[in-house]
> 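This is the structure I want to talk about, given as structure tokens.
Letters go in sequence order (proteins before strands), and every chain restarts at 1.
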Amino acid sequence: MARSQPSPLPAAFFNRPTLTVARQLIGARLVRILDGVRLVGLITETEAYFGFDDLASHAKAGRTIRTDPMFGPAGHAYVYFTYGSHWMLNAVTEAEGFPAAVLVRAIQPVEGIAVMMERRLGRDTLGPGKLTQALGITKSENYLPLTEANSRLWIETGVLVPDKSVTIGPRVGLNKTPEPWFSKPWRFLVKDQLNTER
DNA sequence: AGCACGATGCTCT
DNA sequence: GAGCATCGTGCTT
């Protein structure tokens, strides 16, 4: 089966409805250059955070120092710190001025696996705080455009994942978020391991 | 294999 | 000063 060469996803890819972006990022390649080493993972889990009204989104508090990247142009990174030790990676979506983003919750390593394993002390990369640790993503990657190949961090075309391989359900870790936001089916998750051959 | 809980520090009230 | 878009450990089943 022929597959196209990977190319970075353009800003126009991210400047679209957040749910569409969240779904289409499943199977995309997340590329990180860390200390000159190329680390790549296929995105296997995402969640959409959409607008001022979404009470699960940080943007519910308005535009603050922390949430500022969410209001910025699509295709940039929104990286924030939580629970005293974890960094979360988001890709900003929608038009500038409208707060929305897709949280990258899990990757399946395909390149630089040994380095990622070492950084994770042999544990997996399935979890939003785990993948950022594996890839060395912190505050310094906040605001970074994810649309430029050969920078420090970008997202490029990967494998096509059919609907039958994707589970859609409510977002997790929301705790006290009220309905209807608590149950919005805005989480996308690959059911089984992805075929990484290209 | 599943659940409960403590760690830990930054952001916003 | 409270509350996290979480993780890992340790204990129970």
Side-chain angles (χ1 to χ4, degrees), chain A residues 14 17-26 28 30 32 39 41 43-72 74-94 98-109 115-144 146 153 155 166-193:
Chain A
F14 297 96
T18 306
L19 285 177
T20 303
V21 177
R23 168 63 181 87
Q24 293 196 12
L25 278 179
I26 296 294
L30 179 62
R32 167 70 165 150
L39 310 176
I43 295 174
T44 58
E45 183 180 351
T46 60
E47 281 179 1
Y49 289 86
F50 177 76
F52 304 91
D53 300 334
D54 179 3
L55 294 183
S57 171
H58 294 157
K60 67 176 183 289
R63 190 166 189 162
T64 65
I65 297 288
R66 184 202 212 188
T67 63
D68 184 64
M70 287 187 87
F71 291 76
H76 288 238
Y78 166 39
V79 181
Y80 68 90
F81 184 77
T82 193
Y83 289 110
S85 49
H86 304 293
W87 296 97
M88 305 284 143
L89 171 65
N90 298 254
V92 174
T93 59
E94 311 271 352
F98 186 87
V102 172
L103 172 65
V104 180
R105 289 190 55 90
I107 58 169
Q108 180 179 317
V115 172
M116 287 190 244
M117 287 274 286
E118 188 183 349
R119 296 186 56 83
R120 289 283 304 134
L121 305 175
R123 296 182 287 251
D124 66 65
T125 52
L126 308 177
K130 300 178 185 182
L131 75 92
T132 54
Q133 189 197 8
L135 299 177
I137 294 170
T138 67
K139 188 87 182 165
S140 3
E141 279 66 49
N142 199 19
Y143 287 107
L144 207 68
L146 299 171
L153 180 67
I155 300 176
V166 178
T167 301
I168 300 177
R171 296 170 293 181
V172 298
L174 302 188
N175 297 323
K176 298 184 181 80
T177 301
E179 296 291 359
W181 310 110
F182 185 80
S183 299
K184 293 278 186 192
W186 290 359
R187 176 177 183 234
F188 299 84
L189 173 68
V190 173
K191 286 174 183 166
D192 305 302
Q193 274 243 322

> At what distance, to the nearest 0.5 angstrom, does CG of A:Leu103 lie from CZ of A:Arg171?
10.0 Å
> Report the distance from atom CE of A:Met88 to atom P of C:dA5, rounded to the nearest whole Å.
9 Å
> Please round to the nearest 0.5 Å and tell me the distance separating atom CE of A:Met88 and atom OG1 of A:Thr82.
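Here the rounded value is 6.0 Å.
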> Check whether any side-chain N or O of A:Arg105 sits under 4.0 Å from OP1 or OP2 of C:dT6, and answer yes or no.
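A:Arg105 to C:dT6 OP1/OP2: side-chain N or O found under 4.0 Å.
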> The side chain of A:Arg66 lies closest to which of these nucleotides: C:dC7, B:dT11, B:dT13?
B:dT11
> Look up atom CZ in A:Arg120 and atom NZ in A:Lys130, then write down how far apart they are to the nearest 0.5 Å.
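Reported value, rounded in 0.5 Å steps: 6.0 Å.
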> Taking for each residue the nucleotide of DNA chain C with the nearest heavy atom, is it A:Arg123 or A:Glu47 whose nucleotide lies nearer the 5' end?
A:Glu47
> Between A:Ala56 and A:Arg120, which is nearer to the 5' end of DNA chain C once each is assigned its nearest nucleotide?
A:Ala56
> Over how many whole Å does the gap from A:Tyr78 atom OH to B:dT11 atom C1' extend?
10 Å
> On the nucleotide C:dC4, are OP1 or OP2 found under 4.0 Å from the side-chain N or O atoms that A:Lys176 carries?
yes
> Looking at A:Ile65, I want to see if its CD1 is surrounded by more than 12 non-hydrogen atoms of other residues, nucleotides or ligands under 6.0 Å.
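Open.
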> Pick the closest DNA chain B nucleotide for A:Lys139 and for A:Tyr83 by heavy atoms, then say which residue is nearer the 5' end.
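This one resolves to A:Tyr83.
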> So, OP1 or OP2 of B:dC12: does either fall under 4.0 Å of a side-chain N or O from A:Lys60?
no
> Grab the OH-P distance between A:Tyr80 and C:dC4 for me, whole Å please.
12 Å
> With nearest nucleotide decided by heavy atoms, which residue, A:Thr64 or A:His86, maps closer to the 5′ end of DNA chain B?
A:His86
> When the distance from OH of A:Tyr49 to P of C:dC4 is rounded to whole Å, what number comes out?
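Interatomic distance, OH of A:Tyr49 to P of C:dC4: 12 Å.
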> Is the ring centre of A:Tyr78 less than 6.0 Å from the ring centre of A:Phe71?
no
> Picking from C:dC4, C:dG8, C:dA5, which would you name as closest to the side chain of A:Asn90?
C:dA5
> Any salt bridge linking A:Lys60 with A:Asp54? Criterion: basic side-chain nitrogen under 4.0 Å from a carboxylate oxygen.
no
> What stems, by residue range, does DNA chain C take part in, given at least 3 consecutive Watson-Crick or G-U pairs under 3.5 Å?
B:1-7 with C:6-12, B:9-12 with C:1-4
> So what does A:Leu103 touch, heavy atoms closer than 4.0 Å: a base, only the sugar-phosphate, or nothing?
base
> What's the CZ-C1' distance between A:Arg63 and B:dT11, to the nearest Å?
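Rounded to the whole Å, the gap is 17 Å.
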> Quick one, A:Thr138 and A:Thr132 - any side-chain contact, counting heavy atoms below 4.5 Å?
no
